[in-house]
Number of protein chains: 2
Amino acid sequence: MELQKNVIMQGDCIDILSRLPDRSVDLVFADPPYNLQLGGGLTRPDQSHVAGVDDDWDKFDSFDAYDLFTHQWLEECRRVLKDDGAIWVIGSYHNIFRVGAILQDQGFWIQNDVIWLKSNPMPNFKGTRFQNAHETLIWAGKSEASKCTFNYDALKVFNDDKQMRSDWMIPLCTGGERLKDEDGKKAHPTQKPESLLQRVLLATTNPGDTVLDPFSGTGTTAAAAKRLGRNYVGIERDETYIRLSRARLKAIEPIEGAVLETEKSKKSLPRVPFGALLESGWLKPGDRLFSPQRRYQARIRVDGSLTTGTISGSIHRLGAHVQQAPACNGWTYWHYEDPKRNLAPIDLLRRRYREEMGLN
Amino acid sequence: MELQKNVIMQGDCIDILSRLPDRSVDLVFADPPYNLQLGGGLTRPDQSHVAGVDDDWDKFDSFDAYDLFTHQWLEECRRVLKDDGAIWVIGSYHNIFRVGAILQDQGFWIQNDVIWLKSNPMPNFKGTRFQNAHETLIWAGKSEASKCTFNYDALKVFNDDKQMRSDWMIPLCTGGERLKDEDGKKAHPTQKPESLLQRVLLATTNPGDTVLDPFSGTGTTAAAAKRLGRNYVGIERDETYIRLSRARLKAIEPIEGAVLETEKSKKSLPRVPFGALLESGWLKPGDRLFSPQRRYQARIRVDGSLTTGTISGSIHRLGAHVQQAPACNGWTYWHYEDPKRNLAPIDLLRRRYREEMGLN
DNA sequence: TACTTGTCTGAATCCGAAG
DNA sequence: ACTTCGGATTCAGACAAGT
């Protein structure tokens, strides 16, 4: 069976999931029912009613019932995921511990738990607890062996050149982004901000990937996916939500072209063998290379290996050897001498070579 | 049997716990083994060795073994707790989901999960995941019926008259606070900051209460308890840790409430990454930014990087590149165009973002 | 004394493509 | 599935040493 993409499917989550083909999606994002147990409704100090989560879909008779349900939909997601796929699940303390333990039991391999810090959370009206100002997301690979997509460099640029932390400060979904029903009331009790989903998808998918959301709700995952040039598959039981999300999706213009590209890792650049610098004349056999502060030196041989006279090997091997280190990046360790006798890392020559050859 | 107070007892945690009387302590704070399952060695980019947790006490054969251990010590804690007592457990994604689920299964009633945001966490040296910048604490009453102590007003004063949130920014335990062995190395691999424990005890105990820590380690819980006029009972297996913690406790002078004011949480201006301006819609992918006098221009990509078409990078790196400067503050160098085609530095948007988010 | 520079370290599931 | 090997990879803060 072929997976139909860019649709929101109507029906029971586990039922629909069971009909999707094996190993067909790159990422699952799930915002399952929270199993909230709000005894008797919550009121503000002024006695007004807080519109909490009291929908039928959020009722479970026991932890066992919730665990069984969780086990079932996660197992189906696991089957549907590609082997190098990953899953995100968001939850609160009511359910996330159970979800996390079941994920681990099923063989998913947690990469990070990520904390969504709400910049504008609802106050705790009774003053009996801390203001519940965060939710927890779990990011896990299908297995320990999964090579999950992780756009480290893109997230680092996003975060002002510092690696992205596991805590994300993001505002609640409010204002114009929040979908309303005919009465102007919020259409869904737990609509997530699209910015949260955008960050998830930027971090752990590539353009053209397929993202499955088994609890699609108002279609936030699908919206973020469409906007970022990813394919989506949504499953949702409630026809009202489906109607709303389809209208929402229709209005979204995908980001296209060069601006959809993200910062690439250095590892993804084409490899330049050291010997290429010899062939193109940037360096010559017999030239001397120096470690920082000229502590060690070595000569270049015709095949692109270095030699100290007694020991020889690749720029990396020899760099590691002279430092007695387990490993070494020869490109940044070894320096050449320019006509003014200044030292510069040979990585500079590699960069120039790449520019000249259009390899960036 | 009478509970002996203000002692650190030597022995196996479950064994000692089993000999403590029923309903005798007001609070349990537990920092159990995390079951980290670390792989081989880890080195920093400068090749130095990272001292990971490789102690035997953190090794378990399987999740089942860990669950059994967790179940046992929690059940004993439950018995020893007074009916209106409460428990805190700290952990990371390696173990906290299992702990949380077992707590719920045993009838504990979660009040909050609290996130310890580390202001100075260790980086992810290999660029493979998000920087693991937090740990999770679970605060739970002995049962749904427990009337847990919660010093709402004290916490509010502590937090500049705003409700204390469920995320706490606190530095790691370093410097002079970190206990050292004879060689000057850290005495314990996972010593917690005393400020974390102080906040826990201020929030959920009263002076004169008794606090039990079944994994006492270097005695941080006991130290905070003594300082704040609470009684402590510690259990620890390792005699070296016990010796250290007894010396530590001897040196502690209990302090009075008024002095606590000086312990108020230090606030720092939260960093606003450039990407946040995209997420919140102040800028959009594809928008153009200009250098002063429009000499250069660049387009914004989805990840918050800029591109000239041939070269791309962060606002800072691309600013430096076009000016051929070694460094550049992209926030003041790059300008956006308002509807009247006037240029203003993007730093202005950052200031507005801070104001709107209440981050000043 | 004040400031700069360099070194060290912290609960970490920390590489990946090619052969 | 195994090994080999090229070469990429870090942030905040405490402290010491140098200027």
Side-chain angles (χ1 to χ4, degrees), chain A residues 84 104 108-113 140-141 144-145 147-148 150 152-153 156 159-166 264-275 304 313-320 325-334 346-347 350, chain B residues 31-55 57-60 63 90-96 116 118-136 169 171-178 180 184-186 188-193 215 217 268 271:
Chain A
D84 285 335
Q104 290 180 312
F108 286 99
W109 193 250
I110 298 180
Q111 302 283 330
N112 278 113
D113 56 339
E144 184 174 358
K147 291 188 277 287
C148 307
F150 182 53
Y152 174 80
D153 297 270
K156 189 173 174 181
N159 194 37
D160 267 23
D161 287 338
K162 306 246 185 266
Q163 63 179 207
M164 183 67 80
R165 296 171 43 117
S166 56
K264 285 180 301 209
S265 74
K266 281 197 191 171
K267 282 185 181 169
S268 69
L269 291 174
R271 198 173 81 85
V272 176
F274 180 65
S314 72
I315 53 173
H316 312 295
R317 285 307 170 111
L318 204 68
C328 168
N329 182 345
W331 290 106
T332 51
Y333 183 71
W334 293 108
I346 55 175
D347 193 39
R350 182 172 60 163
Chain B
D31 182 9
Y34 286 10
N35 190 21
L36 284 184
Q37 309 171 60
L38 302 182
L42 178 65
T43 54
R44 299 188 176 79
D46 66 4
Q47 306 292 343
S48 64
H49 172 75
V50 176
V53 178
D54 58 356
D55 305 69
W57 50 252
D58 198 48
K59 298 213 189 329
F60 292 84
F63 282 133
I90 183 168
S92 67
Y93 66 84
H94 307 85
N95 71 323
I96 198 65
W116 170 26
K118 303 178 183 182
S119 58
N120 51 350
M122 187 161 69
N124 180 298
F125 296 112
K126 305 294 188 193
T128 55
R129 301 179 176 196
F130 299 105
Q131 181 184 28
N132 197 352
H134 74 275
E135 292 187 25
T136 300
M169 179 70 81
L172 295 176
C173 177
T174 60
E177 187 188 338
R178 189 90 192 211
K180 306 293 197 299
K185 299 284 181 190
K186 60 184 176 188
H188 190 285
T190 71
Q191 186 182 342
K192 297 293 177 290
F215 307 96
S268 61
R271 218 160 44 77

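Residue numbers start from 1 in every chain, and the chains themselves are labelled A, B, ... in the order their sequence lines are given, proteins ahead of strands.
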### Query
Taking atom P of C:dA18 as reference, at what distance in whole Å does atom NZ of A:K267 sit?
13 Å
## Note on the structure
From the candidates C:dC15, D:dA12, C:dT13, the one with an atom nearest any side-chain atom of A:K162 is D:dA12
### Message
Can you measure B:K59 atom NZ to C:dA11 atom C1' for me and round it to whole angstrom units?
### Response
12 Å
### Task
With heavy atoms under 4.0 Å as the rule, sort B:D31 into base, sugar-phosphate or nothing.
base
### Query
Looking across every strand, which nucleic acid part, if any, lies under 4.0 Å from A:P273 by heavy atom: base, sugar-phosphate, or nothing?
nothing
### Task
To the nearest Å, give me how far apart CZ (A:F274) and C1' (D:dG7) are.
14 Å
### Under 4.0 angstrom between A:Y333 side-chain N/O and D:dA8 OP1 or OP2
no
### Message
Under 4.0 Å from OP1 or OP2 of D:dA8: is there any side-chain N or O of B:R44 that close?
### Response
no
### Message
Can you confirm if the aromatic rings of A:F150 and B:F130 lie within a centre distance of less than 6.0 Å?
### Response
yes
### Query
So what's D:dT4 paired with, Watson-Crick or G-U wobble, going by both distances under 3.5 Å?
C:dA17
### Query
Base, sugar-phosphate, or nothing: which does A:T332 touch, judged by heavy atoms less than 4.0 Å apart?
nothing
### Query
At under 4.0 Å between heavy atoms, what does A:R350 touch on the DNA or RNA strands: base, sugar-phosphate, or nothing?
sugar-phosphate
### Task
Tell me whether the OP1 or OP2 atom of D:dT10 has a side-chain N or O from A:K156 closer than 4.0 Å.
yes
### Task
Calculate the interatomic distance between B:D55 atom CG and C:dA12 atom C1'; express it in whole Å.
14 Å
### Task
Please state whether the phosphate of D:dG7, meaning OP1 or OP2, lies under 4.0 angstrom from any side-chain nitrogen or oxygen of A:H316.
yes
### Task
Measure the distance from NZ on B:K126 to P on C:dA17 and round it to the nearest whole Å.
16 Å
### Summary
Separation of D:dT9 atom P from A:K266 atom NZ, nearest Å, is 5 Å
### Task
Give a yes/no answer on whether the side chain of B:R178 brings an N or O atom under 4.0 Å of OP1 or OP2 in D:dG13.
no
### Task
Ignoring backbone atoms, test whether A:Y152 places a side-chain nitrogen or oxygen under 4.0 Å from the OP1 or OP2 oxygen of D:dT9.
no
### Summary
Assert: residue with more 5' nearest nucleotide on DNA chain D, out of A:S265 and A:R317, is A:R317
### Query
Is it true that the NZ or CZ of B:K59 lies under 6.0 Å from the centre of B:W57's six-membered ring and within 45 degrees of the ring axis?
no
### Message
Quick check on DNA chain C: between B:I90 and B:G127, whose nearest nucleotide comes earlier from the 5' end?
### Response
B:I90
### Query
C:dT13 base stacked by A:W109? Criteria: ring centres under 5.5 Å, plane angle under 30°.
yes
### Query
For C:dG16, does OP1 or OP2 lie under 4.0 Å from any side-chain N or O of A:K147?
no
### OP1 or OP2 of D:dA8 under 4.0 Å from side-chain N/O of A:N329
yes
### Query
For B:T174 and D:dG13, is the shortest distance between a side-chain N/O and OP1 or OP2 below 4.0 Å?
no
### Query
If we call it a pair only when both distances are under 3.5 Å in a Watson-Crick or G-U wobble match, what pairs with D:dA16?
C:dT5
